[in-house]
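Report on one structure; see the data block that follows.
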Amino acid sequence: MPTLVGWHVELEFTEEGNRTSAAALVRLGDGSEMRARGYAMRHPADPEQLRVGEEIAGSRALMDLASQLLQKAHAEIDDASGRNSYPLTQ
């Protein structure tokens with residue numbers, strides 16, 4: 001089956017002290033972009049595990065992107081149908 005469209009997703013991480021930040025960007029097939037951020041905080045008594053902070057911050061940024069994509073899709077459904085759609089909630 002041929003691929004109709006692809007999305008390009010980027011995640012970038014920064015760490016400052018016990019805080020890890022993730023910046024997410026998705027480029028959609030229609031040329032639009034969506035951006036989101038996610039954060040993770042490490043308790044000072046916990047050992048440094050950069051990967052864990054990245055996984056938490058990254059997943060939170062991706063969850064925000066997912067929510068934005070659902071909102072965009074439902075707005076497009078509403079525009080095309082003239083009715084209000086009811087998005088699934090997380």
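In this chain, residues are counted from 1 in sequence order.
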Would Glu76 and Lys72 count as a salt bridge (charged side-chain N to carboxylate O under 4.0 Å, His left out) here? Give the steps. CA-CA 6 Å; Glu76 291 172 0; Lys72 181 180 187 303; 2.5 Å; yes

Kindly compute the distance separating CZ (Arg19) from CZ (Arg42), expressed to the nearest 0.5 Å. 13.5 Å

What is the minimum heavy-atom distance between Gly53 and Ala40, and which atoms define it? O-CB, 3.7 Å

Membership question, hydrophobic clusters at under 4.5 Å side-chain separation (ILVMFWY): are Leu65 and Ile56 in the same one? no

Taking atom CD of Glu54 and atom OG1 of Thr20, what is their separation to the nearest 0.5 Å? 7.0 Å

Distance, nearest 0.5 Å, that separates CD of Gln71 from CE of Met34: 8.0 Å

Are the charged groups of Glu55 and Arg51 less than 4.0 angstrom apart, N to O? yes

Can you check whether Val26 reaches His8 side chain to side chain, under 4.5 Å on heavy atoms? no

Donor-acceptor check, side chain of Ser81 to backbone of Ile77, threshold 3.5 angstrom: yes or no? yes

Do the numbers put Arg60 on top of the ring of Tyr39, so that NZ or CZ is under 6.0 Å from the six-membered ring centre and no more than 45° off the axis? no

Least distance between heavy atoms, Ala61 atom then Gly38 atom: CB-N, 3.6 Å

Measuring only between side-chain heavy atoms, which start at C-beta, is Leu62 closer than 4.5 Å to Leu11? yes

Within a radius of less than 6.0 Å around CD of Glu16, do more than 12 heavy atoms belonging to other residues, nucleotides or ligands occur? no

Tell me whether Leu69 is reachable from Val9 by hopping between hydrophobic residues (I, L, V, M, F, W, Y) whose side-chain heavy atoms are closer than 4.5 Å. yes

So do Arg27 and Glu10 actually touch side chain to side chain, heavy atoms under 4.5 Å? yes

